[in-house]
Amino acid sequence: MTQEQPEATNSSEQTKSFPDATFDTLPVRMQQACNNAGWVQLMPVQAKTIPYVLNGKDLMVQSRTGSGKTGAYVLPLLEHLDPSQKGCQALVLVPTRELARQVTTQVELLGKDIGVESAAVYGGVGYGPQRDAFKRGVPIIVGTPGRILDHLLKRSLTLDQLKVLVFDEADRMLSMGFFPDMKEIQKFMPRKRFSVYMFSATFPPRVKSLARLFMHDPDFLSLSSDNILVAETEHHVYTVPGFEKDRILVRIIEMDNPEGALIFCNTRDKVHYVATVLKRFGYDADELSSDLSQHQRELVMNRIQTGHLRFLVATDVAERGIDIPDLPYVIQYEPPDDAEVYVHRAGRTGRAGAAGTVVTLVADLEKLTMGKIARKFGIPIQDKLPPSEEDVARVVAQRLTGRLEAKARERDNLKVERMQRFIPLANELMESNEGQELVAMVLDDIYQRWLHIPLEAEQTPPESEPQQQQKRSSIKRPPRKRSSSTRRRR
């Protein structure tokens, strides 16, 4: 099995606290693991990261997908483990069950001849096999935050023996609503010193800030492809049929779940159409074109700049002068005719040293235009396959399951007892197609409310009954005599 393709490094951003590792300088057990996997040399991210892990130095690693980062932490983990010690010695937190399975497969590949075992722990499956793995004292646990927290609360998993904590795809985990769960998990961490490593394709300022809450004086290591635009910006191109662009745009947004995006179209009519499509699908979106009055433009700009608008659809003329801090995504519904315009659009993300992603949808006739733009500026284009409906359904199910499990953990005994009355109804509904559609409708409504609302609103809990009563009490009414119990309550 071969490793993933190497990536170029931006040497000006590398930390030189430790010399790079080489295959020959690895400990014997790690060399044996490489031989098991058929690796004859280390990837750049592995050569630079492994010395930090071996020396127990906390580290944030920015490295694109497919660069070999999984091996960068799995390989040195094998050296940290004590075979005679039972229990979780290394915990790897990941955002999805697919990544959990991928990491455990890598552990199996590298550690098969040295007796290292791992367990994938995620929601949507039974607890039994996971509890059995804990009882065996599996040293490496790879899991999603929600299910890991479930086991910690039930005391089926303890972290007393923890030596290493890894966050894989840290940017996704800290922006997908996992942060509260991870803070809860942190309460179960041992008081003794352990090492923490975070890996991500992007580290926006907000993610860096949150990451440091879990780390002790971390170093930052950045590996990126050099290009004349922004070094930390990735350029993704999806070739799609022209008549399916709207649906595929929605699928990409569903899959990537960006915190915000600026979406470019070439005409005012297309801006209006795309904004309408996004609104119909339940997204918080608005449009900006030269048709708007100055007052309307200022209102829209204020919403996007203050984080109260998630998606802004705009033309190039309307976009000039827009400066949105920490904008993670730029999406081009269609490529521009002018190559210079692409550079201008792409420059809206990845500003002030932050990372970003530029997504471009191209129909067959537009591929030639995109190719010319890429060649002219040496843009490192990554061709992507459009996500399918099945891909979206799987990711949506994972997100919703995680959120529902989190809500279930918040329920007190009375609420748990109260919901038992609906279990017979749930079973009855699932026995018929009509009933399944009713259940699906409820789940869809919940998902829309949780995932497709502005981030600021999502972080603000709905008004509680006391808050609503307080609002109602602000309405002027004739004075009335209050009881002593009411006076005490207030």
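- Each of V74, V103, I140 was compared with S118 under the side chain to side chain contact (heavy atoms under 4.5 Å, CB included) criterion, and only I140 meets it.
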Inset, instruction - For D150 and R409, run side chain to side chain contact (heavy atoms under 4.5 Å, CB included): C-alpha distance rounded to whole Å, both residues' side-chain angles, the deciding distance at 0.1 Å, then the answer. - result: CA-CA 8 Å; D150 279 346; R409 286 193 297 272; 2.8 Å; yes

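- With salt bridges taken as basic N to acidic carboxylate O contacts below 4.0 Å, none links E234 and K384.
- Among all heavy-atom pairs drawn from M60 and A211, the shortest one is SD-CB, 3.8 Å.
- Atom OG1 in T96 sits 10.0 Å away from atom CZ in R399 (nearest 0.5 Å).
- Salt-bridge check for R394 with E98: passed, with a basic side-chain N closer than 4.0 Å to an acidic carboxylate O.
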Inset, instruction - With side chain to side chain contact (heavy atoms under 4.5 Å, CB included) as the test, would you mind laying out the steps for H235 and Q382 before giving the verdict? - result: CA-CA 6 Å; H235 301 260; Q382 298 181 42; over 6 Å; no

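- Under the 4.5 Å side-chain criterion, counting only non-hydrogen atoms from C-beta, L153 is in contact with F188.
- Note that K183 lies in the cation-pi zone of F214, set by a 6.0 Å cut-off to the ring centre and a 45° limit from the axis.
- Of the charged side-chain nitrogens involved, none lies within less than 4.0 Å of a carboxylate oxygen, so that D246 and R280 do not count as a salt-bridged pair.
- The side-chain tip of R147 points at the ring of Y127 from less than 6.0 angstrom away and within 45° of straight on.
- Taken from CD in Q332 to CD in E334, the straight-line distance is 9.5 Å, to the nearest 0.5 Å.
- The nearest pair of heavy atoms linking P336 to N266 is CA-OD1, 4.1 Å.
- The main-chain N or O of R418 is found under 3.5 Å from a side-chain atom of R421 such that the two form a donor-acceptor pair.
- Contact between T104 and A119 at its shortest, heavy atoms only, is CG2-C, 3.8 Å.
- Inter-residue side-chain proximity for Q106 and Y73 is flagged as unmet; no heavy-atom pair is nearer than 4.5 Å.
- Counting all heavy atoms, side chain and backbone alike, V300 lies closest to L312 at CG1-CD1, 3.5 Å.
- Within 6.0 Å of NZ in K270 there are 12 or fewer heavy atoms belonging to other residues, nucleotides or ligands.
- Between the side chain of Q62 and the backbone N or O of S200, no donor-acceptor pair lies under 3.5 Å.
- If you take CG on L443 and CD on Q448, they are separated by 12.0 Å, rounding to the nearest 0.5 Å.
- Remark: the backbone N or O of M441 is not paired with any side-chain donor or acceptor of D444 at under 3.5 angstrom.
- Side chain of R310 to backbone of P258: a donor-acceptor contact under 3.5 angstrom is found.
- Remark: K208 is positioned above the aromatic ring of F220, its terminal NZ or CZ atom under 6.0 angstrom from the ring centre and at most 45 degrees off the axis.
- The shortest heavy-atom contact between K57 and D217 is NZ-O, 2.7 Å.
- Tested against V237, the residues V359, V362, L361, V358 include a single side chain to side chain contact (heavy atoms under 4.5 Å, CB included) partner, V362.
- Summarising the geometry, atom CG belonging to L149 is positioned 5.5 Å from atom CD1 belonging to I185; distances are rounded to the nearest 0.5 Å.
- With values rounded to the nearest 0.5 angstrom, F179 atom CZ is found 4.5 Å from L210 atom CG.
- Looking at K245, its side chain does come within 3.5 Å of a backbone N or O of Y333 through a donor-acceptor pair.
- A 4.5 Å side-chain heavy-atom check between I263 and L278 finds at least one atom pair inside the cut-off.
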Inset, instruction - Could you go through the side chain to side chain contact (heavy atoms under 4.5 Å, CB included) check for L152 and K187 one step at a time? - result: CA-CA 10 Å; L152 291 172; K187 297 176 182 178; over 6 Å; no

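- Smallest separation of non-hydrogen atoms from D58 and Y197: CA-CE2, 4.3 Å.
- Note: F311 and Y283 have perpendicular aromatic rings, judged against thresholds of 30 and 60 degrees for the angle between ring planes.
- More than 12 heavy-atom neighbours from other residues, nucleotides or ligands sit within 6.0 angstrom of NE2 on H236.
- Residue-environment remark: CG (L385) stays at or below the threshold of 12 foreign heavy atoms within 6.0 Å.
- For Q130 (side chain) and H151 (main-chain N/O), no donor-acceptor pair under 3.5 Å exists by modelled atom type.
- Checked against L42 for a side chain to side chain contact (heavy atoms under 4.5 Å, CB included), the options T49, L75, D20 give a single hit: L75.
- If you take CG on D338 and OG1 on T369, they are separated by 11.0 Å, rounding to the nearest 0.5 Å.
- Annotation: salt bridge (charged side-chain N to carboxylate O under 4.0 Å, His left out) contacts of R251 (sequence neighbours excluded): E389.
- Heavy atoms from other residues, nucleotides or ligands lying under 6.0 Å from CD of E108 number 12 at most.
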Inset, instruction - Go through the steps for L93 and L165 under the test side chain to side chain contact (heavy atoms under 4.5 Å, CB included), then give the verdict. - result: CA-CA 8 Å; L93 293 172; L165 173 64; 4.1 Å; yes

